[in-house]
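Below: the structure, in structure tokens.
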Amino acid sequence: MNSMILSYITFVYFFSFLFYLLMMVMGKETLGRAGTWITAIGIAAHTFAIALRWVESYRLGFGHAPFSNLYESLIFFSWTIILLYLIMEWRTKNRTPGVFVTPLAFLAMAYASFSPDIKSQIQPLVPALKSNWLITHVITCFFGYAAFGLSFGLSLMYMIKRLEKGNKGRSFIRFLPGKGILDELNYQMVVIGFLMLTLGIITGSVWAHSAWGSYWSWDPKETWSLITWLVYASVLHSRMVRGWRGKRIAVLSVIGFACVLFTYFGVNYLAGLHSYAKT
Amino acid sequence: MKNQSKQGNPIWGFLCSVRLTITLLILLALASIVGTLIPQKEGAVEFAGSLSPETAKLLFSLGLFDMYHTLWFRFLVAFLALNLISCSVNRLPGTWRLFKASPRPDREKPFKDLPPDRSFLASGAQNEVFGALEERLGKRWGRIRKKETQGRYYFYGEKGRFSLFGFYLVHLSVLFILAGSIVGSLSGFEGFVNIVEGEQVDSIALRNRMGRMELGFEVRCDDFEHKTYPNGMPSQYRSRLTFLENGVPVYKADALVNHPVQYRGITFYQSSYGTVAGDRARLRIERTGSPKETTILEVKVGEAVPLPGKGGNFKVIRTEADFRGMLGPAVQIAVYPAEEKDGELRIWLFKNRRLLQERFPPQMLKAKALNPSAFPPYTFHLEALESKHYTGLQVNRDPGVPLVWTGCFLMVAGFIVTFFTSHRRFWVRAVAVQGGVRVDVSGTSSKNPVGLERELDHLVASLRDKFQARERKNAS
């Protein structure tokens with residue numbers, strides 16, 4: 001039931017993307033407002049479906065928060081992206097980032113709902129996941145991933161905005177926010193992501209300490225989260241201390257997000273302890 | 001303020017540079033990537049076997065099969081620690097000066113090119129306006145400094161001074177975490193032990209160093225429990241443990257996954273389990289001939305048992321709960337013919353012979369060591385083999401952990417101070433003009449200029465409202 005609703009939400013987010021895109025290409029704000037409404041309806045249904053899944057797991061007799069496998073994590077990842085995006089849209093009053101951010105949520109939902117390798121059934125928790133840290137660890141990590149996802153979208157926008165020079169005011173590029181604003185927003189997203197990733201790694205360590213007996217065991221997922229952390233730490237150092245701005249920060253943020261994606265998906269191809277996140 | 005390192009020692013300048021920090025962060029990231037692509041430790045043996053000998057030798061000499069513990073990786077981490085200490089020390093005097101600084105209230109520079117919306121006119125008597133302003137600003141910033149020159153009043157206030165120290169907190173937290181890991185590796189240990197149900201141990205195997213370690217007490221596994229969900233997925237592993245001092249039970253506790261047990265500073269984690277063969281087996285022996293004869297025997301490991309019909313005797317010499325981890329329960333028997341000169345014959349017997357037939361060619365199974373009919377006229381069958389659970393416990397002591405948790409806490413606190421607070425300084429100038437007092441508001445911030453603008457807007461608006469409200473009150 002919940003997974004059926006969730007598979008429909010994939011299309012809702014696709015329509016959000018379509019409306020935001022049409023708004024930017026045609027320059028009609030009304031289309032953007034429609035996009036916002038569709039996205040808002042999407043996340044309301046999305047929240048309902050996650051809650052429903054949670055309740056259903058109790059009805060099956062082994063209730064647990066819906067954060068226990070790849071399917072559930074993708075659903076939650078997409079939810080955090082949309083939530084953060086809507087907050088950003090509301091604060092900045094600009095809808096163009098929607099064109100670059102909603103596809104991430106749409107792709108995550110599509111992968112979860114339609115990939116033949118991913119099981120959408122609710123499964124009971126294996127002993128290693130039976131811990132109070134599951135919820136905090138997953139929430140902090142995924143808000144971090146989502147903030148980095150937004151930073152990635154903003155960095156792409158920055159790079160596109162840089163192309164403006166020659167044909168100023170003619171193409172759709174003029175609807176994008178100014179470079180200064182994009183750079184500042186990107187920085188704020190990196191800060192939120194970095195704080196959340198740090199909390200995610202810490203909660204993970206505390207959990208690993210009680211489950212595996214060691215707060216750090218150089219498991220590939222741990223190591224890749226550290227690699228991501230190091231990349232964003234250098235982004236923040238180069239910006240805050242050396243005063244880098246603009247293009248260089250945008251490029252580093254894209255590299256950072258590539259590390260996030262590898263931490264999330266790539267690591268599954270390496271042997272390690274985080275095997276329950278694979279399917 | 002010029003960076004002091006510029007005039008000083010070039011080595012110090014190098015150690016303090018952020019360029020070095022970024023280089024080291026990237027190098028550590030790249031090294032870690034290599035470490036995740038090449039299987040480490042246990043996994044390395046198999047991987048090394050798939051490489052050419054030269055490549056394997058090269059990777060081995062670089063320590064890439066246990067990279068995170070090599071000297072050069074530790075050197076990179078130590079270098080990063082040195083770098084962040086140097087940076088912090090280098091910037092400390094400057095930060096301290098900023099922290100102790102008390103700028104003159106009557107500076108004119110902050111008011112240069114002041115946007116018009118940062119000024120407003122307050123009507124009313126001069127002294128009254130000055131007094132009200134002082135009271136209002138004092139409430140806002142706590143301590144304010146003021147100065148009066150030639151009919152002009154100046155006020156200075158600030159907030160978030162501690163924000164200057166945010167990054168020290170973050171750097172300190174990294175040092176705490178590193179210190180915790182050093183303490184852990186110097187005075188802690190990591191080991192494991194398997195305990196068969198009903199048995200007890202007084203020592204454990206160490207993981208990184210070879211050899212065993214005496215615990216100084218005994219641990220007994222009273223019971224190992226393995227629960228599954230209806231669909232077959234594992235649900236819970238539980239070891240009921242008893243700790244004994246000189247043979248006397250003193251403490252009982254259950255170790256579960258995610259719920260380790262601590263005793264005398266040593267922590268026991270439920271980590272694996274398995275079965276071992278016990279020392280009792282049931283054999284079925286068939287004797288061909290007329291009449292055909294079948295005997296079932298309960299035997300104990302090591303006990304010689306006569307063969308039915310006086311054809312000699314045999315004993316079970318080895319038992320395996322799961323032969324080679326895939327062929328199921330097996331026992332090895334030694335058969336001694338009645339004529340002693342014929343020597344002994346050893347045969348492996350498998351409970352599930354089909355598993356063997358699926359994996360090996362029939363010719364191979366005719367070999368005497370695997371052929372249950374190798375000693376005619378007898379054919380041996382393994383009917384049952386006693387099995388016992390054992391629990392696999394990870395056994396650790398890590399005195400560095402509190403330091404690591406302190407470091408984690410400091411890091412989060414440091415991030416919040418660094419990212420979400422800033423040192424903001426404000427100057428307010430009040431000048432008597434025709435029709436009242438002109439109030440100008442200005443400020444600087446160590447970071448987040450957008451936030452500063454917002455705060456200044458808010459400050460101007462609230463002061464203006466205050467004075468307008470006073471006017472209305474006075475007018476009525």
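Protein chains get the first letters and strands the later ones, always in sequence-line order, with residue 1 at the start of each.
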Heavy-atom closest contact ([X] atom, [Y] atom, distance):
X: B:Ala29; Y: A:Leu230; answer: N-CD1, 3.6 Å
X: A:Pro127; Y: B:Tyr237; answer: CG-CE1, 3.8 Å
X: B:Pro260; Y: A:Ser210; answer: CD-O, 3.5 Å
X: B:Ile22; Y: A:Ser238; answer: CD1-CB, 3.7 Å
X: B:Tyr269; Y: A:His209; answer: CE2-O, 3.0 Å
X: A:Pro124; Y: B:Asn231; answer: CD-ND2, 3.9 Å

Under a 4.5 Å cut-off applied to non-hydrogen side-chain atoms, are [X] and [Y] in contact?
X: B:Phe409; Y: A:Ile202; value: no
X: B:Phe415; Y: A:Val191; value: no
X: B:Met67; Y: A:Trp218; value: no

Please classify the contact between [X] and chain A as side chain, backbone, both or neither, with a heavy-atom cut-off of under 4.5 Å.
X: B:Phe420; answer: side chain
X: B:Ser32; answer: both
X: B:Thr23; answer: neither
X: B:Ile33; answer: both
X: B:Arg91; answer: side chain
X: B:Ser271; answer: neither
X: B:Val404; answer: side chain

Notebook entry, point to check: Does any donor atom in the side chain of B:Asn258 or A:Trp207 lie under 3.5 Å from an acceptor atom in the other side chain?
Noted result: yes
Can you tell me which portion of [X] sits under 4.5 Å from chain B's heavy atoms? Options are side chain, backbone, both or neither.
X: A:Thr198; value: side chain
X: A:Val235; value: neither
X: A:Leu236; value: side chain
X: A:Thr228; value: neither
X: A:Trp229; value: side chain

Item checked: Heavy-atom pair count under 4.5 Å with chain A, highest-scoring of B:Leu37, B:Asp398, B:Thr36 -> B:Thr36
Next item on the list: Report yes or no: does A:Lys130 contribute a side-chain atom to a donor-acceptor pair with the main-chain N or O of B:Gln236 at less than 3.5 Å?
Entry: no
Note to self: Can a donor-acceptor pair be found, under 3.5 Å and without considering hydrogens, that links the side chain of B:Tyr229 to the backbone of A:Leu125?
What the structure shows: yes
Notebook entry, point to check: So does B:Trp72 have more than 12 non-hydrogen atoms from other groups sitting under 6.0 Å from CH2?
Noted result: yes
Notebook entry, point to check: Which residues in residues 164-178 of chain B have a heavy atom less than 4.5 Å from any heavy atom of chain A?
Noted result: B:His171
Distance, nearest 0.5 Å, that separates [atom1] of [X] from [atom2] of [Y]:
X: B:Leu256; Y: A:Ser131; atom1: CG; atom2: OG; answer: 12.0 Å
X: B:Asn396; Y: A:Ser214; atom1: CG; atom2: OG; answer: 7.0 Å
X: B:Met411; Y: A:Leu195; atom1: CE; atom2: CG; answer: 11.0 Å
X: A:Trp212; Y: B:Gln270; atom1: CH2; atom2: CD; answer: 15.5 Å

Next item on the list: Could you go through the side chain to side chain contact (heavy atoms under 4.5 Å, CB included) check for A:Tyr187 and B:Phe419 one step at a time?
Entry: CA-CA 11 Å; A:Tyr187 166 72; B:Phe419 294 137; 4.2 Å; yes
Next item on the list: Name the option with the most non-hydrogen atom pairs under 4.5 Å to chain B; the candidates are A:Ile201, A:Leu226, A:Thr223.
Entry: A:Thr223
